[in-house]
Amino acid sequence: MDEHSASIEPVTATLGSILRNVELGVFPAPDLSVSVVAAPSERDSCVVGLTAHIVVAADVSSAWVHSLLPSQDPSAPLNPPFLSALEKATGRRVNAIDALLLAPALAADDEREELLSVLVDLADPEHPRVRRAQLHRDEVRVFGHAAGGLVLVGRGVAGRLECAVEVPEEARGIGRGRTLARAARALVPVGSHVWAQVTPGNAASLRAFLAAGFIPVGSEALLVKH
């Protein structure tokens, strides 16, 4: 997933294919351009920032997008003026601007089995964390850690596998977040990848995911329905 050493391929027609390429270490050309693709689903629209390349995934025209953006400015599509215009055009609101992190699934080994052995499946569909996760993801699974904390996985934007963790106050500062983020890599199929969206200001969470083997690959402004 080293974007500087990977071979470069042209941007493909969907956000899903772009993200699958990123999982393989193949990034859009860092040419300061903006690609406009269709919203990946009725639920999801977003602006994804990659190295010197922006992808606007929303049901708006390319001409409209480029009419609002200065050329050769990779920061403009993730700044308030453009995002506000995109909110109005799509009837949505920006939920957050997050760092996008990515990691491969853990191999089938003793570490994977050990991580899975201390998780309990919270299959109750009425569990508050399950209900909240289902607003933004499909196929959601939520697990409790035997020593406290939650980790969830599901399919989010463009069908990608996503994870999130929740660390109770009494378990903070002892590496539990790192353990839960590592467990997320054990919960997805061997050979796949898992994404995490982390608010950059949440330094503790960002450190936990980095320590668990996730790497930053971009940023994302997710637009959700009002």
Side-chain angles (χ1 to χ4, degrees), residues 1-102 135-137 156-160 162 164 193 195-203 205-207 209-210 214-226:
M1 295 179 291
D2 183 350
E3 62 199 88
H4 302 295
S5 63
S7 60
I8 301 298
E9 293 184 356
V11 173
T12 45
T14 69
L15 179 62
S17 57
I18 293 169
L19 297 179
R20 298 298 88 77
N21 278 345
V22 171
E23 292 177 352
L24 297 173
V26 179
F27 288 72
D31 55 6
L32 298 178
S33 66
V34 177
S35 297
V36 182
V37 299
S41 71
E42 193 275 335
R43 180 187 62 197
D44 299 319
S45 294
C46 60
V47 177
V48 176
L50 302 169
T51 299
H53 196 103
I54 297 288
V55 181
V56 177
D59 291 330
V60 293
S61 72
S62 179
W64 179 84
V65 169
H66 287 94
S67 73
L68 296 176
L69 295 174
S71 62
Q72 303 289 295
D73 184 354
S75 66
L78 285 164
N79 281 340
F82 177 74
L83 291 178
S84 294
L86 189 59
E87 285 180 322
K88 292 177 182 177
T90 61
R92 296 167 178 266
R93 62 177 176 83
V94 174
N95 185 46
I97 301 178
D98 292 323
L100 276 180
L101 308 178
L102 179 65
L135 294 175
H136 303 294
R137 298 180 176 97
V157 174
R160 71 190 178 199
E162 298 178 352
H193 290 76
W195 297 74
Q197 300 134 292
V198 180
T199 301
N202 188 347
S205 182
L206 191 57
R207 289 194 300 268
F209 276 95
L210 293 174
F214 286 75
I215 66 168
V217 294
S219 59
E220 180 177 85
L222 181 66
L223 286 86
V224 299
K225 294 181 179 180
H226 289 288

* Asked: Atom CG of Asn202 and atom CZ of Arg207: how far apart are they, to the nearest 0.5 Å?
  -> 9.0 Å
* Closest heavy-atom pair and its distance - Pro77, Val47 -> O-CG1, 3.8 Å
* **Side-chain heavy-atom pair Pro216, Leu101 within 4.5 angstrom cut-off** => yes
* Asked: Is any side-chain heavy atom of Pro40 less than 4.5 Å from a side-chain heavy atom of Val157?
  -> yes
* To do: Considering non-hydrogen atoms only, spot the tightest contact between Ala39 and Asp44 and give its length.
  => CB-O, 3.4 Å
* Asked: Do Arg92 and Glu87 touch side chain to side chain, with heavy atoms closer than 4.5 Å?
  -> no
* With rounding to the nearest 0.5 Å, note down the distance linking CD1 in Ile54 to CG in Leu69. => 9.0 Å
* To do: Could you check whether the rings of Trp64 and Phe82 sit parallel, tilted or perpendicular, using 30° and 60° as the cut-offs?
  => tilted
* Structure fact -> Those residues at least two apart in sequence (or on a different chain) that pass salt bridge (charged side-chain N to carboxylate O under 4.0 Å, His left out) with Arg93 are none
* Quick one: closest heavy-atom pair of Phe27 and Val217, and the distance? => CE2-O, 3.9 Å
* Measuring from Leu83:CG to Leu68:CG, what's the distance to the nearest 0.5 Å? -> 11.0 Å
* Give a yes or no answer on whether the side chain of Thr199 reaches the backbone of Gly201 with a donor-acceptor pair at less than 3.5 Å. => no
* Are any of the side-chain heavy atoms of Val198 and Asp98 separated by less than 4.5 Å? -> no
* Less than 4.5 Å apart, any side-chain heavy atom of Leu15 and any of Cys46? -> yes
* Asked: What distance separates Leu100 CG from Glu220 CD, expressed to the nearest 0.5 Å?
  -> 4.5 Å
* Grab the two heavy atoms, one from Ala58 and one from Leu86, that are nearest each other, plus how far apart they are. => CB-CD1, 4.2 Å
* **Shortest non-hydrogen separation from Val36 to His66 and the atoms involved** => CG2-CE1, 4.1 Å
* 4.5 Å side-chain heavy-atom contact, Ser33 and His53 -> yes
* Residue pair Val34 / Val56, side-chain heavy-atom distance below 4.5 Å -> yes
* Apply salt bridge (charged side-chain N to carboxylate O under 4.0 Å, His left out) to Glu162 and list each qualifying residue two or more places apart in sequence or on a separate chain. => Arg137, Arg160
* Asked: Is any side-chain heavy atom of Thr90 closer than 4.5 Å to a side-chain heavy atom of Asp59?
  -> no
* At what distance, to the nearest 0.5 angstrom, does CG of Asn21 lie from CG of Leu50? -> 11.0 Å
* To do: Return the minimal non-hydrogen interatomic distance between Ile97 and Ala221, and the atom names on each side.
  => CG1-CB, 3.9 Å
